[in-house]
Amino acid sequence: MSPDPTILETPLLPGLVLQNPVMSASGTYGAGLEGNQFGEVRQLGALVTKTVTPRPRAGNPPPRIHETSGGMLNSIGLENPGVERFLAEDLRRALELGPPIILNVAGESFDEFASVVERVQGCGAAALEVNLSCPNVQGGALPFATDAEACESLVTRLSAISDLPLFVKLTPNVSRITEIAQAAEAGGAQGLTLINTLLGMAVDWRRRVSRIGLGPAGYSGPSIKPVALRCVYQVRQVTRLPILGVGGASSAEDVLEFLVAGANAVQVGTASFRDPLAALHILRDLEILLTEDGSTVRQVTGTLRLPSELHTR
Ligand code: SIN
């Protein structure tokens, strides 16, 4: 059954209205091609592709993934075939799947970010997600996501060369995410993605080794949802930019929590490793929940109130 567009319709920007607010999270669903073998990926609101960089990257030494009780650690190190091969192979096929493509890009320097953003102009993607926040390169998050000045300068430079809307993906591993979000907006970001993974670690005490090749790694999954919700809520207080919420969403209830907290759409990430159809199941359940509630995506978005506010009225 196709989702009812009047319930699920999700306006992000003028010219970018999604059929629903459920999308894949970068790095968890490739370019949607594998997922399409299992279900109708065309039903999703958008597909967010794995980060591409100007040149191919081999990624980090293994082990790169470790499952924990409440989620998983990853340290992929932005392995990707490089922008040229990505555009010629994966993107071309991904565009045929149907949903708008949000193309995730990154670089190791101002110049690398600029070169990849320049290269993907006119490629058919609906928007770019600028990954300022991978925790698994150069021994930690690049300064662009942790230093407001660096963030604003980079986004200013990228905005000047991009006709595609820029959604800037931020890290939760900062003291005040609102400051970085405001810096991205000041630089010309047209949207934000909140959040990338938390920095975590797992230890095999018997062997006295870390369970991930490089030690610290990005932590994702259900246990980070409260952190992601908090970030979305706090950033929503300081900006009207569209927010793509991400972090531990694995059910339609989770998606609705993100929407109410202030996200405009929600990315499904780690849940897709357990069930490649997770996003499609969430979408089906979302329509059921909204129908039962008698509301639409537009109506619930950003409606959160604090109990303390309720009591003072
Ligand atoms: C990775 O490739 O190591 C993860 C990407 C990310 O967290 O941005």
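Counting starts at 1 for both ligands and their atoms, in listed order. On a predicted model such as this, the values are computed, not experimentally measured, just so you know.
Gln237 CD: more than 12 foreign heavy atoms inside a 6.0 Å radius.
Considering CG of Asn131 and CZ of Phe113, their distance stands at 6.5 Å, rounded to 0.5 Å.
At least one side-chain heavy atom of Thr146 sits under 4.5 Å from a side-chain heavy atom of Thr171.
Within the structure, the salt bridge (Lys or Arg N to Asp or Glu O under 4.0 Å) test picks out the following pairs touching residues 184-205 (sequence neighbours left out): Asp204-Arg207, Asp204-Arg211.
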Does ligand 1 have any N/O pairs with the protein under 3.5 Å, and how far apart?
from, atom 1, to, atom 2, distance (Å)
ligand 1, 2 (O), Lys50, NZ, 2.8
ligand 1, 2 (O), Gly77, N, 3.4
ligand 1, 2 (O), Leu78, N, 2.8
ligand 1, 3 (O), Ile76, N, 3.1
ligand 1, 3 (O), Gly77, N, 2.7
ligand 1, 3 (O), Asn136, ND2, 2.7
ligand 1, 7 (O), Asn196, OD1, 2.9
ligand 1, 8 (O), Asn131, ND2, 2.8
ligand 1, 8 (O), Asn196, ND2, 3.0

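Put simply, the side chain of Thr10 gets close to the backbone of Leu8: a donor and an acceptor are under 3.5 Å apart.
With respect to Lys50 and Glu79, no salt bridge is recorded, no charged nitrogen being found less than 4.0 Å from a carboxylate O.
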